[in-house]
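Right, one structure below, let's go through it.
A note on names: the letters A, B, ... follow the listed sequences, proteins ahead of strands, and every chain is numbered from 1. In this text, all values refer to a predicted model and were calculated from it rather than measured experimentally.
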Protein chains: 2
Amino acid sequence: MDKQAQLEAFRKGIAQFVTFNDAEWEIFTPYLSFSNLSKKEHFAVEGKVCDYMCFITRGAVRYYHIKDGQEITGYFSFENELMSAYKSFLKRTPNTNYIQALEETELVMISHQNLQQMLNHPLLALKIERFGRLIAEYYICCYEDRVTAFITQSPEERYVILEKTAKDIFQRIPQHFIANFLGITPVSLSRIRKRTLLQ
Amino acid sequence: MDKQAQLEAFRKGIAQFVTFNDAEWEIFTPYLSFSNLSKKEHFAVEGKVCDYMCFITRGAVRYYHIKDGQEITGYFSFENELMSAYKSFLKRTPNTNYIQALEETELVMISHQNLQQMLNHPLLALKIERFGRLIAEYYICCYEDRVTAFITQSPEERYVILEKTAKDIFQRIPQHFIANFLGITPVSLSRIRKRTLLQ
DNA sequence: TGAAATCCTTATCTTTTGTTAACGTTTTCA
DNA sequence: TGAAAACGTTAACAAAAGATAAGGATTTCA
């Protein structure tokens with residue numbers, strides 16, 4: 001995808017949070033940069049501060065932790081979604097997990113430095129503050145649902161709901177990553193799938 | 001606690017997010033209101049839109065869902081912390097859980113309506129946008145840690161860590177609520193406690 | 001293209017958790 | 001103050017999940 005098309009996709013993708021008129025867009029876009037990730041390439045690694053907030057125009061990534069030498073996948077992001085090691089990016093602290101491309105991935109990026117400059121730019125500040133607030137609020141709602149699922153649902157219930165609401169993820173993501181995401185082992189997910197098929 | 005003392009506590013409590021000079025404070029405080037909750041009184045109930053964002057100056061509350069007729073406690077907030085049915089408050093959608101006072105509780109409150117007015121007030125807008133953004137970012141970091149705990153830790157590990165990092169909660173909150181919070185049943189928590197004591 | 005890596009399933013065994021119920025203690029509140 | 005409610009522990013059994021290993025299919029990539 002060429003940069004112009006990526007910018008268009010980005011503009012459309014963030015319209016749920018904030019819309020720029022053409023004059024604002026002219027000021028805004030020079031603060032953006034672009035990058036590609038090849039399959040298995042890391043966007044973020046443990047111990048490093050994450051300097052970019054991204055919008056994925058194509059591809060998919062997984063977020064994972066390493067515990068006792070084992071990778072545990074906690075989340076995914078796909079095209080037309082935002083991606084960042086959010087906590088590290090915001091707090092400027094070393095990241096505690098990894099983000100890795102599952103496919104060829106294209107990104108539109110905002111560096112932390114540029115973000116700060118925009119927050120000091122008289123014509124952008126208010127809109128960028130709002131953008132940041134709405135993004136954060138959006139993610140809070142996602143997280144709230146996720147925690148609620150862990151509190152109130154069994155692994156099997158979480159699987160059944162995921163299978164209903166995001167069937168396509170099973171075509172795109174290896175099943176053992178999805179198992180981690182659901183909070184169980186791959187073996188256990190395989191059993192649950194067999195069990196729920198028979199019913 | 002009298003209102004002046006509550007306001008002082010509030011100002012101090014939000015200083016981690018935003019600080020007001022005295023002139024700004026004068027403009028800001030008329031948008032606030034006050035309320036008390038007696039023990040077991042509900043601040044929020046399922047099905048109603050939550051109209052207030054609160055700061056707790058005294059007391060404690062629990063957040064719980066009802067599933068199959070059973071109450072499942074998912075979170076707590078204490079004095080000097082913020083409290084709201086955040087998702088409902090932000091999205092103006094019916095709330096999906098309950099918030100109930102565990103003790104006599106005192107609140108400083110911002111109504112959604114007043115918040116919107118402040119966001120349109122030329123002298124407050126930027127600071128309030130920032131306040132909202134920083135609060136949301138703060139909660140995202142909390143949620144991120146919580147989800148990571150569910151993904152990467154066993155119930156026993158979650159208990160041991162909670163016992164280390166927030167021992168006082170066990171003196172203040174009934175144990176079966178804490179069990180829900182950890183994602184397990186009260187019986188299971190009782191077993192874990194016995195098990196880890198013996199080791 | 002062919003060896004290596006990845007992936008899913010299945011089996012076996014162990015460990016943990018859920019469920020239900022009972023019991024004694026403490027707290028609540030009319 | 002006294003009956004009722006709330007609370008934590010324990011027991012017994014069932015259900016589910018974790019750990020480990022093996023086997024076969026598919027994919028990857030040099």
Side-chain angles (χ1 to χ4, degrees), chain A residues 38-41 60 62 64-65 67-73 76 100-104 149-163 167 169-199, chain B residues 37-41 59-60 62 64-73 76 98 100-104 149-163 167 169-199:
Chain A
S38 50
K39 188 170 175 172
K40 296 204 181 176
E41 188 176 344
R62 71 175 178 118
Y64 68 94
H65 287 79
K67 190 197 179 192
D68 305 329
Q70 285 240 315
E71 297 183 1
I72 301 178
T73 298
F76 312 99
Q100 184 189 43
L102 290 164
E103 313 167 357
E104 277 286 316
F150 278 114
I151 293 290
T152 65
Q153 294 161 11
S154 66
E156 181 169 325
E157 287 173 301
R158 293 199 292 275
Y159 162 71
V160 170
I161 289 170
L162 185 67
E163 216 271 333
K167 199 161 189 143
I169 199 181
F170 290 90
Q171 264 90 58
R172 198 158 169 191
I173 305 281
Q175 189 175 305
H176 63 287
F177 291 153
I178 298 176
N180 294 161
F181 171 78
L182 291 169
I184 54 178
T185 61
V187 176
S188 191
L189 177 55
S190 184
R191 280 190 293 234
I192 287 174
R193 283 167 63 85
K194 188 178 183 184
R195 200 194 299 157
T196 54
L197 260 180
L198 298 178
Q199 282 160 11
Chain B
L37 300 173
S38 49
K39 188 170 176 173
K40 296 204 179 178
E41 188 176 344
R62 72 175 176 118
Y64 68 94
H65 288 79
I66 293 188
K67 191 197 176 191
D68 305 330
Q70 285 240 317
E71 296 183 2
I72 302 178
T73 298
F76 313 99
Y98 298 80
Q100 183 189 44
L102 290 164
E103 312 167 358
E104 277 286 315
F150 278 114
I151 292 290
T152 65
Q153 294 161 12
S154 68
E156 181 169 326
E157 288 174 301
R158 293 200 292 275
Y159 163 71
V160 170
I161 289 171
L162 185 68
E163 215 272 333
K167 196 160 191 145
I169 199 180
F170 289 91
Q171 265 89 58
R172 198 158 169 192
I173 305 281
Q175 189 174 305
H176 62 290
F177 292 152
I178 298 175
N180 294 163
F181 172 78
L182 291 169
I184 55 178
T185 61
V187 176
S188 191
L189 177 56
S190 184
R191 280 190 293 234
I192 287 174
R193 282 168 62 86
K194 187 178 185 184
R195 200 195 297 157
T196 54
L197 260 180
L198 298 177
Q199 281 160 15

query = How close or far is atom P of C:dT17 from atom CG of B:N180, stated in whole angstroms?
reply = 15 Å
message = Please check this pair: side chain of A:Q153 against backbone of A:F150, looking for a donor-acceptor N/O pair closer than 3.5 Å.
response = no
ask   = What integer distance in Å separates A:L182:CG from C:dC8:P?
value = 13 Å
inquiry  = Can you measure B:E104 atom CD to C:dT28 atom C1' for me and round it to whole angstrom units?
reply    = 15 Å
key: OP1 or OP2 of C:dC8 under 4.0 Å from side-chain N/O of A:H176   = yes
Carboxylate-amine/guanidinium proximity below 4.0 Å for A:E71 and A:R62 = yes
Rounded distance (Å) that lies between atom C1' of C:dC8 and atom CG of A:L189 = 10 Å
query = Atom CG of A:L102 and atom P of C:dC7: how far apart are they, to the nearest Å?
reply = 10 Å
task = Can you tell me the distance, in whole Å, between the CD atom of B:Q171 and the C1' atom of D:dC7?
result = 16 Å
inquiry  = Quick one: does any side-chain atom of A:Q100 pair with a main-chain N or O of A:K40 as donor and acceptor, under 3.5 Å?
reply    = yes
request  = Using a cut-off of strictly less than 4.0 Å, decide whether A:Q175 has a side-chain nitrogen or oxygen near OP1 or OP2 of C:dT6.
outcome  = no
key: Nucleotide D:dC7, atom P - distance to CZ of B:R193 in whole Å   = 15 Å
task = May I have the distance from B:Y159 (atom OH) to C:dT16 (atom P), rounded to whole angstrom?
result = 16 Å
task = Going 5' to 3' through nucleotides 13-30 of chain D, assign each nucleotide B (protein heavy atom under 4.0 Å from a base atom), S (under 4.0 Å only from sugar-phosphate atoms) or - (no protein heavy atom that close).
result = ----BBBB-------S--
request  = Mind telling me whether B:F181 and B:F76 have parallel, tilted or perpendicular rings, with 30° and 60° as the class edges?
outcome  = tilted
ask   = Charged N to carboxylate O under 4.0 angstrom, A:K67 versus B:E157?
value = yes
key: NZ/NE/NH1/NH2 to OD/OE distance under 4.0 Å, A:E103 and A:R172   = yes
